[in-house]
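Report on the structure given below.
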Amino acid sequence: MYKGIAGSEGIGIGKAVLIEEHEINVEAKKVTDMDGEIARLQKAIEKFVADTTEMAARMDETVGKKDADILRGHIQMLQDPMLEEQISALMLNEKITAEMAVDQVLEQTAEMFAQIPDELLQQRATDFRDIKTRMLKILMGIEDVDISQVPSGTVLVARDLTPSMTAGINPDNIAGILTEVGGRTSHSAILARAMEIPAVLSIENICSIVKNGDEVVLDGTSGEAVVNPDEETVTRFEKMYQEHQNEKALLKAYAGQPSMTKDGTRVELVCNIGKPEDAKKAVECDGEGIGLFRTEFLFMDRDSIPTEEEQFEAYKTAAETMKGKPVIIRTLDIGGDKAIPYLGLEEEENPFLGFRAIRFCLKRKDIYETQLKALVRASAFGKIKIMVPLVTGVDELRQVKVMVADIMKEYDKEGVAYNKNIEIGVMMETPAACMMADALAKEAAFFSIGTNDLTGYTMAVDRGNAKVAYLYSTYNPAVLRAIKRIIECGKKEGIMVGMCGEAAADSKLIPLLLAFGLDEFSVSGTSVLKTRKIISDCDVEECKALADKVMKCVTEEEVLELLK
């Protein structure tokens, strides 16, 4: 049995198809006809753009626009004027082939991102290497493997499943995915989850271990895979597969049902989104609203700040799509693992502890005021709520409230419509906010707990550092105490307390969150029905009895033993 990272849940049973990477040898050649060579480069870029546009269009149909946009991002990355200029300049200065220049410039760019100690930014290295490989294949006339033609029951095995590889995937034919690299936030995992294909990532040397046609079984929930399993193992996995399919079928019964515990406690079950179009998906998945709209995605993959009108249209679209259901929109949360080059943020030794999120916004009020104006205007079209990220004190929330009040006064003079009772809340994700939760609850309209950062900051852990990653756990008693305190402080002041981090969909943690009194669970669209089922199976009094025992635990191991 091979152990990797659980990338996308489910059971996969099928035959291996190796996606082998062609050995690409770029020969050192001098060029005399530079005009012809530059023209050849431009022709290759045009073909890349055309092929990628076609692949993205196919992905729109198979997995949706959000994931197809990853490929469209590759077009923007390659067509960056600075990058094209670098490649052309190197060719002209060194009198070398387009292949050599593409190889050198894109590899240097990828290496730069690979050195950044952050998993999300390291993913850019994969993007640039994917672009490099495809450009070299076009220039050298090497045909790519057509994944769209693999037979039904295929388990794809690759070093890394890049976005361009996945473009042609027919999810009905793919039983599972195994890779040598990648984590929960890699494109491989994101795309696999979007297509509901079981995936196990980061299995060392799996491409050398597996041969084409080998029988493979994998568990995307536990992160385990077996190559050429014995009969007993196959029978066990077939049983697990059937149970998983039965569970998916049963979950359909929870569509349209209230999100309510066995003993009648009602909660809100809403969705996390990154773009206005995702609101449609939230409705299709039976979400009861939007618990987190990550607005930084509106600022990414472009070379200028979105205008007030562009932002207004995005927020208005989300609000109208949800038809009066709550839409919590987080204001610009950049810095840390989210770099936006045109905003001119300086490199910092500790970006997660630096000039980011609300700290940046309150210094750059020109940018922040534009966003707040768009949000206030859009509030006339639905139940929009404003959420402030990375708050560490009451003064930050007060400054935002003053800015919103000033915008409202201006709109009153101009006769602009807006919701005069728009709520302004806090994303609770720092230990400081946790310690000041009693004071913040007196001034915030709601709390939403961001467990991803709250866990990292509470445990003082850099998730990108493998040596300390074992400490990053929401099950740690320190993190659980922080969550409990935040909920208690919010409830005492009568405000809504939600959660938009990964923990909101964690089957082991949901009973604790119900016991603590969490009002709102914000999860990915594909997790809505599963989360609703878990909630409906819970009895709050029983959950409280469990929580009493858990809160006496002093180690993560003790907590997990009880939650199992």
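FYI, side chains are in, hydrogens and waters are out, and symmetry mates aren't considered; it's all heavy atoms of this structure.
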Original post:
Is Q311 reaching over with its side chain to a backbone N or O of T370, donor-acceptor style, under 3.5 angstrom?
Top reply: no
**OP:** Evaluate the side-chain proximity of D406 to E410: yes if any heavy-atom separation is below 4.5 Å, no if none is.
**Re:** no
Subject >> Cation-aromatic face contact K275/F297, 6.0 Å, 45 degrees >> reply: no
Original post:
Hey, is the main chain of A380 close enough, under 3.5 Å, to the side chain of N419 for a donor-acceptor pair?
Top reply: no
Subject >> Least distance between heavy atoms, V559 atom then P477 atom >> reply: CG2-CG, 4.1 Å
Original post:
At their closest point, which heavy atom of A314 faces which heavy atom of P276, and how far apart are they?
Top reply: O-CB, 3.4 Å
**OP:** Over all heavy atoms of both residues, which pair between C271 and G525 is shortest? Give the atoms and the distance, please.
**Re:** SG-CA, 4.0 Å
Original post:
Looking only at atom types and distance, does a side-chain atom of Y457 sit under 3.5 Å from a main-chain N or O of F352, one as donor and one as acceptor?
Top reply: yes
Original post:
Taking the six-membered ring of F312, is the NZ or CZ of R377 close enough (under 6.0 Å from the centre) and on axis enough (within 45°)?
Top reply: yes
Subject >> Approximate separation, where rounding is to 0.5 Å, of L292 CG and S524 OG >> reply: 12.0 Å
**OP:** Give a yes or no on whether a salt bridge exists between D537 and K533, defined as a side-chain N under 4.0 angstrom from a carboxylate O.
**Re:** yes
Original post:
Looking at K281 and D278, does any basic side-chain N land under 4.0 Å from a carboxylate oxygen?
Top reply: no
**OP:** Assess whether atom CE of M435 is packed by more than 12 heavy atoms of other residues, nucleotides or ligands within 6.0 Å.
**Re:** no
Original post:
When you look at M496 and E423, which way does the side-chain contact (heavy atoms from CB on, under 4.5 Å) test go after all the steps?
Top reply: CA-CA 11 Å; M496 187 278 285; E423 294 183 10; over 6 Å; no
**OP:** Without swapping roles, check the side chain of S8 against the backbone of I197 for a donor-acceptor pair under 3.5 Å.
**Re:** yes
**OP:** Compare every heavy atom of G291 with every heavy atom of C500, then report the nearest pair and how far apart it is.
**Re:** CB-O, 4.4 Å
Original post:
D438 versus E488: any side-chain heavy-atom pair under 4.5 Å?
Top reply: no
Original post:
What's the verdict on side-chain contact (heavy atoms from CB on, under 4.5 Å) for V181 and L201, showing C-alpha distance, side-chain angles and the deciding distance?
Top reply: CA-CA 6 Å; V181 299; L201 314 177; over 6 Å; no
Subject >> N/O donor-acceptor pair under 3.5 Å between D519 side chain and V497 backbone >> reply: yes
Subject >> Short side-chain to backbone donor-acceptor contact, S473 and E556, under 3.5 Å >> reply: no
Subject >> Rounded distance [0.5 Å steps], NZ in K530 versus CG in L269 >> reply: 13.0 Å
Original post:
Pick one: which of V327, I384, V376, I386 meets side-chain contact (heavy atoms from CB on, under 4.5 Å) with Y315?
Top reply: I384
Original post:
Could you state the interatomic distance from CG (L513) to OG1 (T474), rounded to the nearest 0.5 Å?
Top reply: 9.5 Å
Original post:
So, for I487 and G517, which heavy atoms are closest and what is the spacing to 0.1 Å?
Top reply: CG2-C, 3.8 Å
Original post:
Is any side-chain heavy atom of K325 less than 4.5 Å from a side-chain heavy atom of K383?
Top reply: no
Subject >> All side chain to side chain donor-acceptor pair (under 3.5 Å) counterparts of E541, not counting sequence neighbours >> reply: none
Original post:
Does the pair E288/R532 count as a salt bridge with the N-to-O cut at 4.0 Å?
Top reply: yes
Original post:
Can a donor-acceptor pair be found between the side chains of Q371 and T295 at a distance below 3.5 Å?
Top reply: yes
Subject >> Trace of the side-chain contact (heavy atoms from CB on, under 4.5 Å) decision for Y472 with M459 >> reply: CA-CA 7 Å; Y472 181 83; M459 298 305 299; over 6 Å; no
Original post:
If every non-hydrogen atom of C553 is compared with every non-hydrogen atom of L562, which pair is closest and at what distance?
Top reply: SG-CD1, 3.5 Å
Original post:
Between atom OG1 of T455 and atom OH of Y475, what is the distance when rounded to the nearest 0.5 Å?
Top reply: 10.5 Å
Original post:
CD1/I422 to CG/L375 distance, rounded to the nearest 0.5 angstrom?
Top reply: 6.5 Å
Subject >> Side chains of I329 and R294 in contact at under 4.5 Å (non-hydrogen atoms) >> reply: no
Original post:
With a 4.5 Å heavy-atom cut-off, do L563 and L509 have their side chains touching?
Top reply: yes
**OP:** May I have all residue pairs that pass salt bridge (Lys or Arg N to Asp or Glu O under 4.0 Å) and include part of residues 386-402, sequence neighbours excluded?
**Re:** R398-E443
Original post:
Think K363 forms a cation-pi with F355, using NZ or CZ under 6.0 Å from the six-ring centre and within 45 degrees of its axis?
Top reply: no
Original post:
When rounded to the nearest 0.5 angstrom, what is the spacing between CE in M499 and CG in N272?
Top reply: 11.5 Å
**OP:** Decide yes or no on side-chain contact (heavy atoms from CB on, under 4.5 Å) for L480 and L512, but give the supporting numbers first.
**Re:** CA-CA 9 Å; L480 293 178; L512 286 187; 4.1 Å; yes
Original post:
I535 versus V267: any side-chain heavy-atom pair under 4.5 Å?
Top reply: yes
Subject >> Donor-acceptor contact below 3.5 Å, side chain R356 vs main chain D333 >> reply: no
Subject >> Main-chain N/O of E310 paired with E313 side-chain donor or acceptor, under 3.5 Å >> reply: no
**OP:** State, with a plain yes or no, whether a side-chain heavy atom of M427 is found less than 4.5 Å away from one of L390.
**Re:** no
Original post:
Please walk me through it: do D412 and K409 pass salt bridge (Lys or Arg N to Asp or Glu O under 4.0 Å)?
Top reply: CA-CA 5 Å; D412 285 340; K409 284 177 193 170; over 6 Å; no
Subject >> Any side-chain heavy-atom pair of T321 and I290 under 4.5 Å >> reply: no
Original post:
Do any N or O atoms from the side chain of D539 and from the backbone of E542 form a donor-acceptor pair under 3.5 angstrom?
Top reply: yes
Original post:
When you measure from the side chain of Y411 to the backbone N and O of K373, does any donor-acceptor pair fall under 3.5 Å?
Top reply: yes
